[in-house]
Amino acid sequence: MLVSDFVERCLLIEGSAVRCDDQFGASNGHNLYLPYLKDWHFVKEYPEYVAYTTPMFFCDDWLNLYLDNFRMNAYSDSYQQNKEICCSDYRFVYMGVKGSWTPLHADVFRSYSWSANVCGKKRWFFLDPSQCHLVFDRNVKSCVYNIFDEVSDSKYPGFQKAIWLECTQEAGEIIFVPSGWYHQVHNLEDTISINHNWFNAFNLSWVWNLLLKDYNEAKEYIEDIRDICDDFEGLCQRNLAANTGMNFYDFFTFISYFSLANLVLLCYINGRDGSSPRVAQHLSMNIEFIRKIASEMKHMHALEGNHDCIVDMIKTFEDLRFFKFCMQVGKTYFMIHEQSSLSSDFESASMVDFVDLSVLKAHASSQVYTPENLIKFIDNVVAELDNFHVESSILSVA
């Protein structure tokens, strides 16, 4: 519906005789539908209207940096050039009347999230990841929907053992939700909030582990048609993209682009005689984590036998969209590490200033088909970075 229609419905609720009797939405005998506007892509819909700036703590946001420049599902059958804005980023505005709420869940991709109250008040209930099995049924398929319902002990035998962390979020306060924490949220007042989901090098393993779990479930679900399916693996990947939001190809493209961006930025700093060791250390750590994930994908035989080039690093490097993306990644890290002088020089740089193409072309093909190809590419570029000592742990991951 239109936002104006939503607001009108909220005003009807406000003016009606129906009221919530308690903070968790129980009504006074009426069958009450409380309107709650969720996942409004405000930033994407109004890019010129800068309503807020992302707090510095949360700026290392690979997910939205990537989606500002590229599509996530470019390799799935469902990809469309003019895909609707609903899948374009993970920056949202939420608006809900008193008593509206969000059921128990863990965030998409097992990402981090932050939620800032513009106005109103929320009550949060958190469950540590080490206890998340307690809110699932015996088959670990179904999760409790509402922790305030009468939860069946026979279906969810561990639920009563769960230890919940609770807090109240006031207007002007921000909540940070770490990866894998299940949570349920209730609006204690009419509330407007800003919510971002994101991930970066630090929680990239959570994303891969979720993809691997969901892939195995998707494969198990259709195992009985393997023998009559022309492309069983392709069907598994399509189902994974539909259910989880990305598949192995999408994720591998994502980490390949970030590995190239971080390597290019390392080359840029190296060309300036290591002028920003803190940024260089951060970039090195990013590459280390990407390489570790690629190694895990290799050991799990992900994309093994793939005969289509997923990313051509040289063609990607020469793509104007990648140049813009690389500039945004660089400015993010210069800002985080308060390198204002380097940032101003960087903004006037061209792609030629970033890296000598011979460095990217050294020793190996720039075409990446599998995780093993990506590992070799990373190792070869790092080896070419003369006079710059990248932490040895990058090369020590098996």
Side-chain angles (χ1 to χ4, degrees), residues 60-67 69-70 72 74-75 198-208 211 246 248-270 279-300 302-303 306 309-319 321-330 332-333 351 354-385 388 390-398:
D60 192 7
D61 177 350
W62 289 14
L63 179 59
N64 289 299
L65 270 174
Y66 184 82
L67 291 173
N69 297 279
F70 308 104
M72 182 61 77
Y75 291 91
W198 92 103
F199 52 82
N200 54 38
F202 286 100
N203 63 338
L204 199 60
S205 61
W206 280 89
V207 184
W208 166 242
L211 278 175
M246 70 170 90
F248 286 1
Y249 292 91
D250 302 322
F251 180 70
F252 186 63
T253 302
F254 179 93
I255 65 172
S256 295
Y257 275 49
F258 269 98
S259 65
L260 181 57
N262 280 274
L263 288 167
V264 165
L265 292 168
L266 265 181
C267 290
Y268 175 78
I269 293 174
N270 182 42
V279 176
Q281 184 179 26
H282 198 148
L283 297 171
S284 300
M285 181 210 67
N286 290 345
I287 297 166
E288 175 187 346
F289 279 116
I290 291 172
R291 193 188 186 284
K292 182 178 180 181
I293 295 297
S295 181
E296 291 179 11
M297 294 183 74
K298 174 187 172 184
H299 290 316
M300 294 303 300
L303 306 180
N306 174 57
C309 178
I310 296 178
V311 178
D312 186 313
M313 294 298 202
I314 300 301
K315 287 184 178 179
T316 299
F317 176 78
E318 295 170 340
D319 187 338
R321 290 179 305 164
F322 181 78
F323 174 70
K324 177 188 172 187
F325 169 67
C326 215
M327 292 290 287
Q328 291 171 343
V329 173
T332 296
Y333 289 121
M351 209 57 171
F354 283 175
V355 61
D356 185 339
L357 271 179
S358 63
V359 173
L360 299 183
K361 294 178 179 178
H363 303 306
S365 169
S366 68
Q367 294 187 330
V368 174
Y369 295 78
T370 65
E372 184 175 7
N373 296 147
L374 179 60
I375 292 168
K376 288 181 179 178
F377 182 83
I378 291 172
D379 291 350
N380 288 329
V381 174
V382 169
E384 288 294 310
L385 292 175
F388 184 74
V390 179
E391 290 190 9
S392 61
S393 56
I394 295 177
L395 297 175
S396 66
V397 178

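None of these values were measured; they are calculated from a predicted model. Below, each value reflects all heavy atoms present in this structure, side chains not excepted, and no hydrogens, waters or symmetry copies.
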Query raised in the report: Has the side chain of Ser295 got a donor or acceptor atom that lies under 3.5 Å from a matching backbone atom of Arg291?
Result: no
Query raised in the report: Between Met313 and Ser259, is any pair of side-chain heavy atoms under 4.5 Å apart?
Result: yes
Query raised in the report: Backbone N or O of Leu65 within a donor-acceptor pair of the Asn69 side chain at under 3.5 Å?
Result: yes
Query raised in the report: Between the side chain of Asn203 and the main-chain N/O of Trp206, is any donor-acceptor distance below 3.5 Å?
Result: no
Requested in this report: Examine Trp208 together with Phe248 and report whether their ring centres are nearer than 6.0 Å.
Outcome: yes
Query raised in the report: For the atom pair OG1 (Thr316) and CZ (Phe323), what is the distance rounded to the nearest 0.5 Å?
Result: 15.5 Å
Query - Partner residues of Asn262 under the side chain to side chain donor-acceptor pair (under 3.5 Å) criterion, sequence neighbours left out - result: Asn286
Query - Gap separating the CG atom of Leu204 from the CZ atom of Phe289, nearest 0.5 angstrom - result: 9.0 Å
Query raised in the report: Is there a side-chain contact between Leu303 and Ile310 (heavy atoms, below 4.5 Å)?
Result: yes
Query raised in the report: Val311 and Ser256: which non-hydrogen atoms are nearest, and at how many Å?
Result: CG2-CB, 3.8 Å
Requested in this report: Verify, without hydrogens or angle tests, whether Asn373 (side chain) and Thr370 (backbone) share a donor-acceptor contact under 3.5 angstrom.
Outcome: yes
Report summary line: Between Ala294 and Pro371 the two heavy atoms that sit nearest each other are O-CB, 3.3 Å
Query - Nearest-0.5 Å distance that lies between atom NZ in Lys292 and atom CD1 in Ile375 - result: 13.0 Å
Requested in this report: Would you check if Leu67 and Phe254 make a side-chain contact, meaning some heavy-atom pair closer than 4.5 Å?
Outcome: no
Query raised in the report: When the ring planes of Phe325 and Tyr66 are compared, do they come out parallel, tilted or perpendicular, using 30° and 60° as the limits?
Result: perpendicular
Query raised in the report: Considering all heavy atoms of both residues, which atom of Leu266 and which atom of Ala280 are nearest to each other, and what is their separation?
Result: CD2-O, 3.8 Å
Report task. Could you tell me whether the side chain of Asn380 and the main chain of Lys376 form a donor-acceptor pair under 3.5 Å? Result -> yes
Query raised in the report: Is there a side-chain contact between Phe258 and Val329 (heavy atoms, below 4.5 Å)?
Result: yes
Requested in this report: Please tell me if the side chains of Phe377 and Leu260 come closer than 4.5 Å, counting only heavy atoms from C-beta onward.
Outcome: yes
Report task. With the side chain counted from C-beta on, respond yes when Asn306 and Tyr249 share a heavy-atom pair under 4.5 Å apart, and no when they do not. Result -> yes
Query raised in the report: Parallel, tilted or perpendicular: which describes the rings of Phe317 and Phe322, with under 30° parallel and over 60° perpendicular?
Result: tilted
Report task. Show your reasoning for whether side-chain contact (heavy atoms from CB on, under 4.5 Å) applies to Leu263 and Val382. Result -> CA-CA 8 Å; Leu263 288 167; Val382 169; 3.9 Å; yes
Query raised in the report: Atom CG in Leu374, atom CD1 in Ile378: separation rounded to 0.5 Å?
Result: 4.0 Å
Query - Pairwise side-chain contact, Ile293 with Val207, heavy-atom cut-off 4.5 Å (strictly under) - result: no
**Report entry** Contacts of type side chain to side chain donor-acceptor pair (under 3.5 Å), residue Asp60, not counting sequence neighbours
**Finding:** Trp62, His282, Tyr333
Report summary line: One should read off an interatomic distance between Asp319 CG and Lys324 NZ, to the nearest 0.5 angstrom, of 11.5 Å
Query raised in the report: If you measure from CE on Met246 to CG on Leu63, what distance do you get to the nearest 0.5 Å?
Result: 6.5 Å
